[in-house]
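Just follow the structure's listing: the first ligand is 1, and inside any ligand the first atom is 1.
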Amino acid sequence: MSVDLCDIKTIRAVMELHGIKFKKEYGQNFLTDAGTVCAIAEDCCVDSETILEIGPGLGCMTRELAERYKRVIAVEIDEALIPVLKDTLYGLDNVTVVNSDIMKTDIFELLGDYIDGGVSVCANLPYYITTPILMKLVESKFPFDYITVMVQSEVADRLTSSVGGKDCGAITASLAYYGEAERLFSVPADLFVPQPKVNSAVVRIRMHKEKPVQPIDENIFFRTVKASFEQRRKTLPNSLMTGFSELSKQDLTEIIGSCGIDPRIRGERLTLEEFCALSDALTNALK
Ligand code: SAM
C-alpha cells in the first residue's frame with residue numbers, strides 16, 4: 001500500500017482501517033507535512049549507511065529515510081503500529097521494524113554489526129521522554145555519527161545553547177561533552193496531528209570523535225554537572241552540597257576557589273572546561 005502518509009485524511013483512514021487511535025501516553029503526534037519530513041530525512045546525517053529511527057509511527061519518515069540510506073532500523077514501542085508499518089512499508093526491503101521500547105533496547109546488540117558503515121539516529125521524538133532517550137543514546141557510547149531529533153522548541157534552545165549561556169541546563173553541558181548541537185529549523189505545532197500545544201524544532205548533534213575535555217572520572221564529571229544545576233538559584237557551593245554530601249560547604253568553597261572559579265558564581269554559568277577542572281578537583285578531594 002503506497003499512500004501519502006502526511007495527508008491527515010489518509011492518516012485517519014489508515015488508523016481507522018487498523019482500528020487504532022492516537023496514544024497520548026506514547027507521545028503520538030504525527031507529522032503532516034511532506035516537505036518537513038523530506039528535509040529531516042535529507043539533513044539528518046551526511047554519509048552514514050545505517051539510520052536508527054526511534055518511533056516510526058505510521059512510517060512517513062521511515063519511507064523517506066529508506067529512499068536515501070542503505071538501511072533503516074526502526075524501533076517502535078507501540079505493538080498496535082507494527083501491522084500498520086507492515087502495510088505502509090511494504091516492499092522496502094532495507095527497513096527492519098523492531099517492536100521495542102528504545103529505553104530498554106541494547107544499542108550495541110541492535111546496531112553493532114553496522115558500525116563500519118557509520119550509523120546515525122533520526123527521530124521525531126515523543127516529548128514525554130526526550131531527555132532520557134537522548135541521554136541513553138549518548139551514554140550507550142555507541143559511535144554514532146549524528147543524532148538528529150525533533151524536540152519541543154524550548155528543549156531545542158537548551159540543547160543548542162552554549163555552555164554557560166542563557167538557556168544552558170544540565171542537558172546542555174552533558175550533551176556538549178558528547179557532541180555539537182545545531183538547530184536546523186523550526187516546525188510549527190499545526191504541522192502535526194493531533195496538534196501539540198508547543199512548537200518544535202529539529203536539532204542535529206554531530207558526535208565528537210574526540211571529547212572536548214577529558215575528566216579524570218566521567219561519573220564525577222556528570223555528578224558535578226547535575227549538582228551544579230540542581231538548585232539554580234543557589235551559589236555553586238550550596239548547589240554542589242546536594243550532589244557531594246561527603247564534603248562540607250567549606251571544603252567545596254575551597255575546591256571551587258582552587259580551580260580559579262569565583263565561589264559566588266551560579267553553576268549554570270560555568271563553561272565545559274570549568275566543569276572538567278572542578279570535577280577533577282572533586283575527584284582528587286574524594287580519594
Ligand atoms: N515518526 C512519526 C512521525 O514523525 O510522524 C511518529 C513520531 S511520534 C512524535 C513518536 C513515536 O515514538 C510514536 O510512534 C510512539 O509510539 C513512539 N514511541 C514513544 N515512546 C517510545 C519508546 N520509548 N521507544 C520507541 N518508540 C517510542
Measuring from non-hydrogen atoms of Phe192 to any atom of ligand 1, is the shortest distance under 4.0 Å? no

Would you mind reporting whether Asp251 and Phe244 have side-chain heavy atoms less than 4.5 Å apart? no

Could you name each residue pair satisfying side-chain hydrogen bond (donor to acceptor under 3.5 Å, both in side chains) that touches residues 64-74, not counting sequence neighbours? Glu42-Arg68, Thr50-Arg71, Glu64-Arg68

Looking at non-hydrogen atoms alone, which of Met61, Lys136, Glu76 comes nearest to atom 14 (O) of ligand 1? Glu76

Looking at CD of Glu76 and CG of Leu58, how far apart are the two atoms once the value is rounded to the nearest 0.5 Å? 9.0 Å

Please check whether Leu31 reaches ligand 1 - meaning an N/O of the residue sits under 3.5 Å from an N/O of the ligand, judged on distance alone. yes

Should Ile102 be counted as touching ligand 1, given the test is an N or O pair under 3.5 Å? yes

What I want to know is whether Leu125 and ligand 1 share at least one N or O pair that is separated by under 3.5 angstrom. no

Take Phe192 and Phe30, measure what ring pair (Phe, Tyr, Trp, His ring centres under 6.0 Å) needs, and give me the verdict at the end. CA-CA 5 Å; Phe192 297 85; Phe30 297 152; 9.7 Å; no

Take every heavy atom of Ala123, measure it against each atom of ligand 1, and state whether any distance is under 4.0 Å. no

Kindly confirm or rule out an N or O of Ile129 lying under 3.5 angstrom from an N or O of ligand 1. no

In this structure, atom 19 (C) of ligand 1 is nearest to the protein heavy atom Tyr26 O, 3.1 Å

Within the structure, does Asp101 bring an N/O atom to less than 3.5 angstrom of an N/O atom in ligand 1? yes

Nearest non-hydrogen contact with atom 13 (C) of ligand 1 belongs to which option: Gln28, Glu53, Glu25? Gln28

Closest approach of Gln28 and Lys21, non-hydrogen atoms and distance? OE1-O, 3.9 Å

Answer yes or no: does an N/O atom from Pro126 fall short of 3.5 Å to an N/O atom of ligand 1? no

Report yes if the distance between the aromatic ring centroids of Phe222 and Tyr178 is under 6.0 Å, otherwise no. yes

Note, Pro263 side chain near Leu236 side chain (heavy atom, < 4.5 Å): no

